[in-house]
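To start, the structure itself, in structure tokens.
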Amino acid sequence: MRLIEALDYQDMSRKAARFILDQVKEKPDCVLGLATGSTPIGLYEQLIEWHKKGELDFSRVTSFNLDEYCGLAPEHEQSYHFFMNEKLFRHVNFESSHVPSGLAEDAELCADYDRQIADRGGIDLQLLGLGHTGHIAFNEPGDSFSTGTHKVALAEETIEANSRFFESRDEVPRFAVTMGIGTIMAARKILLVVNGTGKAEILKKALFGPVTPQVPASILQFHPDVVIVADTDALSAIRQEGLF
Ligand code: GLP
């Protein structure tokens, strides 16, 4: 586990984007796992800037996103399909990009997503954000770690946190389709980005607490190649305890 401190959001975005740049340079036909949420937006802006300057070419890169809300069509403004198109895909040149279907609730369609990843040789670098509940993708706290892509019921806290993107709390979908912990852990490298004091406690639990499905991100302690880029605010609780 490599923990890298960033001064602020912009610094975090730039430092984390560099890992993606290096991955694409090292293996131009790599497979990237991508994430939504507000945390990676600055990172995507940096990638777009490099692409526009001709420094980063995605033409042989395939991407697979972590998750999608159930019941939202790809053109729905709050869907993760729409988010990814707006924040990244329409500005760059991926060979192909995949987001799980929010209408793919049935187990066969979920299994098919994992199959597509496997057919493409697996994920080289998986980008992750961290939810307030300790979730990664939409893997919420529970009694066991999930394996493959599956449908989940969202935690109340997640519905609350994500309601800021919807007109009202009632509009937030209650279910999502998400890569499982097994899918994520199979990635060859993982890049976790975290910012803000609001994530400080949960980041400490994830990285230094017991590995437990009650804090899904804690499983990352068992991954052989994880880089965490976190800003000073997000690292505050870890620093307070002298762990960093
Ligand atoms: C959502 C996504 C997660 C993301 C999390 C954190 O629930 N499914 O992949 O990491 O939100 O979001 P934010 O970066 O906005 O705090």
Side-chain angles (χ1 to χ4, degrees), residues 6 8-10 12-13 16-17 32-46 63-72 76-84 86-88 97-102 104 110 113 123 125-142 146 149-166 169 171-181 183-185 187 190-203 205-207 215-220 226-231 233-235:
D8 53 22
Y9 181 74
Q10 206 191 345
M12 176 201 76
S13 302
L32 297 177
L34 298 176
T36 54
S38 47
T39 315
I41 292 176
L43 179 161
Y44 292 150
E45 285 169 357
Q46 179 64 73
S63 73
F64 288 92
N65 258 78
L66 288 168
D67 46 14
E68 177 59 290
Y69 288 114
C70 284
L72 298 193
H76 189 289
E77 288 195 11
Q78 304 310 333
S79 74
Y80 285 167
H81 276 82
F82 190 88
F83 176 98
M84 289 307 298
E86 286 303 304
K87 303 293 180 202
L88 185 65
S97 40
H98 308 258
V99 179
S101 167
C110 289
Y113 196 65
I123 293 171
L125 176 64
Q126 176 66 57
L127 174 66
L128 294 177
L130 179 65
H132 287 93
T133 59
H135 73 214
I136 45 178
F138 267 138
N139 292 281
E140 298 284 21
S146 60
T149 299
H150 61 295
K151 182 182 176 181
V152 282
L154 299 179
E156 282 304 317
E157 205 181 331
T158 300
I159 292 169
E160 186 61 44
N162 290 1
S163 64
R164 68 188 194 278
F165 301 112
F166 291 80
R169 197 178 186 282
E171 285 182 24
V172 186
R174 266 40 190 169
F175 295 90
V177 172
T178 181
M179 275 188 201
I181 293 290
T183 322
I184 294 169
M185 288 294 279
I190 290 181
L191 173 62
L192 174 69
V193 285
V194 191
N195 74 293
T197 43
K199 300 269 177 77
E201 275 304 320
I202 194 66
L203 182 62
K205 278 193 193 163
L207 302 186
V215 182
S218 64
I219 194 75
L220 298 177
V226 184
V227 173
I228 302 110
V229 184
D231 74 352
D233 287 344
L235 288 170

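Both ligands and their constituent atoms are indexed starting at 1 by order of listing.
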Quick check on side-chain contact (heavy atoms from CB on, under 4.5 Å): which of I190, I228, L207 does L220 satisfy it with? I190

For S146 versus G180, what's the shortest heavy-atom pair and its separation? OG-CA, 3.4 Å

Is the distance between the ring centroids of F165 and Y69 under 6.0 Å? no

Do you know which of L128, L127, L34, N139 makes side-chain contact (heavy atoms from CB on, under 4.5 Å) with L66? L128

Centres of the F175 and F138 rings: under 6.0 Å? no

So which atom in Q126 and which in A187 form the shortest heavy-atom distance, rounded to 0.1 Å? CB-CB, 3.7 Å

Below 3.5 Å only, please: the N or O atoms of ligand 1 paired with protein N or O atoms, distance on each line.
{"residue": "ligand 1", "atom": "7 (O)", "partner": "H135", "partner atom": "NE2", "Å": "3.1"}
{"residue": "ligand 1", "atom": "7 (O)", "partner": "N162", "partner atom": "ND2", "Å": "3.4"}
{"residue": "ligand 1", "atom": "8 (N)", "partner": "D67", "partner atom": "OD2", "Å": "2.8"}
{"residue": "ligand 1", "atom": "8 (N)", "partner": "A137", "partner atom": "O", "Å": "3.4"}
{"residue": "ligand 1", "atom": "14 (O)", "partner": "S38", "partner atom": "N", "Å": "3.2"}
{"residue": "ligand 1", "atom": "14 (O)", "partner": "T39", "partner atom": "N", "Å": "3.0"}
{"residue": "ligand 1", "atom": "14 (O)", "partner": "T39", "partner atom": "OG1", "Å": "2.4"}
{"residue": "ligand 1", "atom": "15 (O)", "partner": "S38", "partner atom": "N", "Å": "2.8"}
{"residue": "ligand 1", "atom": "15 (O)", "partner": "S38", "partner atom": "OG", "Å": "2.6"}
{"residue": "ligand 1", "atom": "15 (O)", "partner": "R164", "partner atom": "NH2", "Å": "3.0"}
{"residue": "ligand 1", "atom": "16 (O)", "partner": "K199", "partner atom": "NZ", "Å": "2.8"}

